[in-house]
Amino acid sequence: MILKFTKMHGAGNDFVVIDLISQRCKLRSRDFRKIADRRFGVGCDQILLVEPPGSPNVDFRYRIFNADGGEVEQCGNGARCFARFVRDKKLTAKKVISVETASGVITLRVRDQHQVEVDMGAPEWIPARIPFNAPAEQDSYQIEAAGQSLEIGAVSMGNPHAVTRVDDVDALDLDSLGPQVENHGDFPERVNAGFMQVISEREIRLRVFERGVGETLACGTGACAAVVYGLKRGWLRDSVTVQLPGGKLSISWPGDGHGVIMTGPTAVVFEGTIKV
Ligand SMILES: N[C@H](CCC[C@H](N)C(=O)O)C(=O)O
């Protein structure tokens, strides 16, 4: 089958977006791996599927697949691109769009200059719900990786994150450290590994070695995870600018019981077709 797609990115985290409302196609894990392959396919960090809603009070269903072919619960940069895509393709004229994901319903708000604001929902700190093997919830945890003892924050934004504060993100050997955190035995579903450098109470630098992908130029849920961890530890004050290698995101969290609000850019790179 020949499938139409749109290549997009959010702060350099890149996606192949496929409308499965006007196209009908059953895609398997190996199809996602091929589409994501930067030599034999289109190339992307994640594939985003646009599907009809599963319940009456949401506008769309949003499914996310990592480059390794695995389906995941949430993707923040992808959510912003999703909002831009469905409006560009005239699948909706709404500026406030509700989408159901594997980790619940999120609300997308289209802003000016192709910026989109997303309520990513409340962070989840309870280890069993991250999931993370720890006897009880703590502000931080010690794990061993790549011969180092790391102090991490463990939190879910629908998907699991381990956040480590470092003095200099440029000094990190992520090729070595990243996979060891991603595949650490205390994360039964693996984990996205974020490394943050605090610039000020309202600005951080962040690099993320993403589960199922490797290092990406930006990670929306990773930015949310880093900011809520930094706020909880008292290193940050609300409304934080997150500088990532591919661009910047604005993250705000009023505190427990509230959703994390992420605002950032969207970009369309090209339209194409692929044989699956
Ligand atoms: N790699 C992530 C999914 C994509 C998250 C990221 N691209 C974002 O913008 O949130 C995971 O396995 O949970």
Side-chain angles (χ1 to χ4, degrees), residues 7-17 29 32-33 35-36 43-49 62-85 99 101-104 106 108 115-124 129-132 153-163 174 178-179 181-184 187-196 206-229 242-251 253 259-267:
K7 184 74 186 341
M8 302 183 76
H9 74 83
N13 184 194
D14 67 336
F15 310 108
V16 167
V17 190
S29 196
F32 297 121
R33 286 195 296 276
I35 292 168
C44 63
D45 294 329
Q46 280 89 26
I47 294 97
L48 313 180
L49 301 185
Y62 164 37
R63 296 178 72 188
I64 305 130
F65 296 82
N66 280 328
D68 69 358
E71 183 164 10
V72 291
E73 311 88 343
Q74 196 51 269
C75 176
N77 289 318
R80 299 197 313 277
C81 290
F82 188 103
R84 170 125 184 229
F85 178 88
V99 294
T101 70
S103 61
I106 56 175
L108 320 178
Q115 295 270 313
V116 176
E117 176 191 297
V118 185
D119 181 342
M120 295 297 297
E124 174 58 73
R129 296 183 191 160
I130 293 173
F132 174 53
V155 61
S156 172
M157 286 307 304
N159 57 348
H161 289 269
V163 185
L174 267 199
V181 177
E182 178 198 7
N183 297 288
H184 192 280
F187 289 95
E189 292 175 15
R190 298 181 295 159
V191 70
N192 298 283
F195 299 86
M196 80 169 173
L206 180 68
R207 289 175 69 186
V208 183
F209 190 94
E210 285 197 30
R211 176 179 62 170
V213 184
E215 182 172 9
T216 57
L217 294 180
C219 180
T221 51
C224 295
V227 168
V228 298
Y229 175 53
V242 181
Q243 301 287 358
L244 296 126
K248 74 177 175 151
L249 300 177
S250 300
I251 309 291
W253 183 50
V260 185
I261 307 300
M262 168 195 63
T263 305
T266 64

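All ligand and atom numbering here is 1-based and tracks the order in the structure. For this chain, numbers begin at 1 and follow the sequence in order.
For D45, the heavy-atom gap to ligand 1 stays at 4.0 angstrom or more. By the 4.0 Å heavy-atom criterion, G212 is excluded from the residues contacting ligand 1.
Ligand 1 places these atoms under 4.0 Å from at least one heavy atom of V72: 3 (C), 11 (C), 12 (O). Using a 4.0 Å cut-off to heavy atoms of N66, the atoms of ligand 1 that qualify are 1 (N), 2 (C), 3 (C), 11 (C), 12 (O). Those atoms of ligand 1 that come under 4.0 Å of a heavy atom in G76, given as number and element, are 8 (C), 9 (O), 10 (O).
Inclusion of G220 in the set of residues having an N or O under 3.5 Å from an N or O of ligand 1 is warranted. For ligand 1, none of its N or O atoms has an N or O atom of Q74 under 3.5 Å away. At least one N or O atom of N77 sits closer than 3.5 Å to an N or O atom of ligand 1. Backbone and side-chain nitrogen or oxygen atoms of V213 are examined, and none is located within less than 3.5 angstrom of a nitrogen or oxygen of ligand 1.
Although no hydrogens or angles enter the test, the distance criterion places a donor-acceptor pair under 3.5 Å between the side chain of S29 and the main chain of G69. The backbone N or O of G264 sits less than 3.5 Å from a side-chain atom of R80, completing a donor-acceptor pair. Looking at Y229, its side chain never comes within 3.5 Å of a backbone N or O of C224 through a donor-acceptor pair.
Around atom NZ of K7, more than 12 heavy atoms belonging to other residues, nucleotides or ligands sit under 6.0 Å away.
Contacts between N192 and ligand 1, counted as non-hydrogen atom pairs separated by less than 4.0 Å, involve the side chain only. Under 4.0 angstrom from ligand 1, there are no non-hydrogen atoms of T216. If you look at N13 next to ligand 1, the close heavy atoms, those under 4.0 Å, all belong to the side chain. Here T221 has heavy atoms under 4.0 Å from ligand 1 in both its backbone and its side chain.
Ion pairing between a basic and an acidic side chain is recognised when a charged N comes within 4.0 Å of a carboxylate O; R33 and D68 show no such pairing.
C44 and A67 get closest at one heavy-atom pair: O-CB, 3.8 Å.
With rounding to the nearest 0.5 Å, the separation of CZ in F32 from CZ in R63 is 6.5 Å. With rounding to the nearest 0.5 angstrom, the CG atom of N13 is 8.0 Å from the SG atom of C81.
Taking atom 1 (N) of ligand 1 as the reference point, the nearest protein heavy-atom neighbour is E210 OE1, 2.7 Å.
A 4.5 Å side-chain heavy-atom check between F82 and V99 finds at least one atom pair inside the cut-off.
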